[in-house]
Amino acid sequence: MQQTLPQRYLAAKAALFERAFSSLNPRQQEAVFHVNGPLLVLAGAGSGKTTVLVRRIAFLIRYGNAYHSERLPEPLTEAAVSRLEQAASLSPGELLPLLDEFADDPCPPWRVLAITFTNKAANEIKTRLAGMFPEQPGYADEIWTGTFHSVCVRILRRHGEACGYRPGFSIYDADDSKKAFSEAMKRAGVDEKVLPLKTVANAVSRAKDRLLTPEEYEAEAGRDYRLGQIARVYTAYQQLLRESNALDFDDLIMQTVLLLQREPSVAEEYQRRFRYVCVDEYQDTNPAQFALTRLLSGGSRNLMVVGDDDQSIYRFRGATIENILSFDKAYPGATVVRLEQNYRSTQNILDAANAVIRQNAGRMGKTLWTAAGAGAPIHLISCADQNDEGRRIVDVIQRKVARGEARYRDFAVLYRVNAQSQSLEQAFARAAVPYRMLGGLRFNDRKEIRDAAAYLQLIANHDDNLRLLRVINEPRRKIGPRTLEAVAQIAQEQDCSMFGVIERAADFVALRNARPMLEDFAALIHTLTEDLGRLPLDVFFDAVLDRSGYRRMLTEAGESEAERLDNLEEFKSQIIDYMKHAEQPTLAGFLEETALVAEVDRYDEDADAVVMMTMHAAKGLEFPAVFLPGMEDGLFPGMQTIDAGQAEMEEERRLCYVALTRAKRELYILHTAQRLLYGRTGYNPLSRFVSEIPDALLEQSRPRSGGSAGRGLYGSRGAAPAPEQPRVYFSEHGAPSAEKPAAKRPAAPREQFEPGDRVRHPVFGEGEVLSVRRMGSDTLYEVMFDTAGTKKLMASYARLRRA
DNA sequence: CACGCTCTGCCTGCG
DNA sequence: GCAGAGCGTG
């Protein structure tokens, strides 16, 4: 069949792109080359999702619609076409310079918006995008990359007045928000003992996720007394925040959406600007974020979302997995690309993860696979109690490090609840194994840091009543609660901020006793506000500490407060750091940055230490070896999950899937016969999730003799179906192991197979050998299974038998 | 107003 | 088991 010249040209052009991007697999290429219309990339764990996101953005900017374009050069000559056809033999690197000529309507970088959930992800994308344009330093900076919250803050700083927020508004974090709720409940006359603050705060946060205003919430509450109470607190809380010219984290999103909905001209401005909108971790979005992305991408409908429904683990904080499950309904005609090839883990780990997640009903359906081989079996370690558990983890790590097989930083310990970290920390400290913990008390949550920040925030926003109350008597200024109550009352009546009243203390009879103290305080804030205008930020910070008397208070307290002084110095170095990297350092800019920074962002990947964190915090990270302590029914899944519905259990199972897929090479699952947690001893059976993992993937090791391991521990495995047939044991990399149980299966003489042989695999079933390749002392078989597809398997791990 | 005592409640948590 | 809140007393 004779191809026409245009056909040959287009085919050759496509082939060149495919070859130039041959480091990507075909599915990844499909996503990267996609240009127009909505696109959903279902990216399994470790499938190169960030790579696809970054490469696609770079592609749009460099080549535009080059791949799909049917545009032809004028004139189209035989010579030009055959030149292209011959170029196909060039290496991908040599090809790249040739591709520029195909660029078709490339997109300027400032017309691309990429939204992530964490600063860490945003920074990674920024860094990698910069690497895509090495010849144009700074070019990638024009791409608008940020978290949902930072994008919203940026919009609100520009257009916030359209929805009633004055410039310099404060951002309240969870802690500030709790305080504001406490006050709001008092105002609304709702007793914290009747309706816990936590419950109300949570309900309001969920309401904002769903874009419900206080009025709408009240309407929805109807005659429900409890909901009615919550609605009243919500109303009071919003009022309070307005008075303080402040927004909480949920407001940042919700108010931006309301702004864009109510002010079409503002929405259009952004819609015109953004030709391409990309959203990472789409499975974690809530309805408000859905609305936001829809509004921002409304101009072009060029919305790309990347996510994994199987890794949706934030339902409890308002994420709706439906956003990703019904993306193609919200965006008819959307292209869906599945990334199922995993570049992170061994097949054994993936098989375990696949087996667990398969138990869930509501999913798009994906099966991860790898070309990397089966790898080591998954270690299942039974322990006496949580202390034994810690020691066992430490033992494995010390053994591997001593042998030079690994470094401390290769190991991660991931647990379900932060409370588990305590016994683990003890074990690590006792053995002098270096570790780092994420979570717990954040640096910026320390009292002295919050106090210092509150001074700064009050100076930036005099209306911020919450911060005023925090610092007005820190150090002591003899301004008592009665005075402050009076000030608050007058502020209400006068419809102004508390600071506004304090400034004019002389005008109010009720304040005559406290007048000198109040005037001193007002003068302090005024002086510092002037200082702000004429001093560099770090010097200004010192002025705040000195003029306020805060530093003197700590110095006079002596040795006991020395650490707090150190922490304030550390905070100052954050300011200096900010001054160095900010284009135009301002107090508001610094406060914004610290308000929007989270703990994970401080995770230092370079330190050689074992890392400990919750499974939630580990999402998106990977480690050569992962320990999962506490794999017990009652802890994981937790008691409240077991008592709740199927949706909760499925979320918990997704969390298990996330945890399992963090491991690259080695996975250790631990459980205890008894566990002391929250001051109570519990006896938990093995996690149901572990029993969902095929026995053949697991290697079980028993408690070491001589340890504190008691007798009859296995009686506790109760609810989990005890393996009927003995679990199969395998040698771990052929290395001698003291922990191998005596009942280890004798290593059967390994059979050799040839292409065409029928074989049986314990997990994949029967199949036909396609190819055989010797690799060192091992053999790599490629087997086409009747039901499980084609897999590459290493003979030493695959346990293949003749069928 | 500062202190020490008792009582309670406790997943997970981006920004 | 422990932190944080609430309460009573010097």
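Naming: A, B, ... by sequence-line order, numbering from 1 per chain.
Two residues, Phe148(A) and Leu635(A), neighbour DNA chain B, and the one matched to the more 5' nucleotide by heavy-atom proximity is Leu635(A). Heavy-atom nearest nucleotides on DNA chain B were determined for Arg680(A) and for Phe117(A), and the one closer to the 5' end corresponds to Arg680(A).
Per the geometry, CD1 belonging to Ile642(A) stands 16 Å off P belonging to dT12(B), to the nearest Å. Atom CZ of Arg675(A) and atom P of dC10(B) are 20 Å apart (whole Å). Summarising the geometry, the separation between CE on Met649(A) and C1' on dC11(B) is reported as 14 Å, rounded to the nearest angstrom. Remark: C1' of dC2(C) and CD of Gln426(A) are 13 Å apart, rounded to the nearest angstrom. Look at CZ on Phe316(A): it is 11 Å from P on dC11(B), rounded to the nearest Å. Between the CG atom of Asp280(A) and the P atom of dC14(B) there is a distance of 16 Å, rounded to whole Å. Put simply, OH on Tyr678(A) is 23 Å from P on dC7(B), counting in whole angstrom units. Asp175(A) places its CG atom 15 Å from the P atom of dG13(B), with the value rounded to the nearest Å.
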Pairs under 3.5 Å (Watson-Crick or G-U), crossing ones as [ ], inter-strand ones as |: DNA chain B comes out as ||||||||||.....
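The side chain to side chain contact (heavy atoms under 4.5 Å, CB included) check on Ser423(A) picks up Gln386(A), Asn387(A), with sequence neighbours excluded. For the salt bridge (charged side-chain N to carboxylate O under 4.0 Å, His left out) test, residues two or more places apart in sequence or in another chain that qualify with Arg166(A) are Asp463(A). Under the rule for a salt bridge (charged side-chain N to carboxylate O under 4.0 Å, His left out), Arg430(A) has no partner lying at least two apart in sequence or in another chain.
With dG6(C), dG13(B), dC11(B) as the candidates, the nucleotide lying closest to the side chain of Tyr314(A) is dG13(B). Relative to the side chain of Arg317(A), the nucleotides dT12(B), dC7(C), dC14(B) differ in distance, and dC14(B) lies closest.
Between Tyr172(A) and Phe181(A), a ring centre-to-centre spacing not shorter than 6.0 Å is recorded.
At dC11(B), none of the side-chain N or O atoms of Asn418(A) fall inside 4.0 Å of OP1 or OP2 (strictly under the cut-off). Contact annotation: Gln422(A) side-chain N/O to dC2(C) OP1/OP2 distance is under 4.0 Å. For dG13(B), one of the phosphate oxygens OP1 or OP2 lies less than 4.0 angstrom from a side-chain nitrogen or oxygen of Thr614(A).
For the pair Arg391(A) and Phe428(A), the cation-pi test (distance below 6.0 Å, angle within 45°) is failed. Under the 6.0 Å distance and 45° angle rule, Arg680(A) does not count as a cation-pi partner of Tyr678(A).
Between the side chains of Asp248(A) and Tyr237(A), a donor-acceptor pair is found at a separation under 3.5 Å. Gln457(A) and Asp464(A) share no side-chain donor-acceptor pair at under 3.5 Å.
Between the Ser244(A) side chain and the Ala246(A) main chain, no donor and acceptor come within less than 3.5 Å of each other.
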Which pairs, protein N/O on one side and nucleotides 1-6 of chain B N/O on the other, fall under 3.5 Å?
unit_1 : atom_1 : unit_2    : atom_2 : d
dA2(B) : OP1    : Arg476(A) : NE     : 2.4
dA2(B) : OP2    : Arg476(A) : NE     : 3.4
dA2(B) : OP2    : Arg476(A) : NH2    : 3.3

For residues 636-646 of chain A, dump all side-chain donor-acceptor pairs below 3.5 Å to protein atoms at least two apart in sequence or in another chain.
unit_1    : atom_1 : unit_2    : atom_2 : d
Gln646(A) : NE2    : Glu650(A) : OE2    : 3.0

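When heavy atoms are screened at a 4.0 angstrom cut-off, Glu281(A) is found touching no nucleic acid atom at all.
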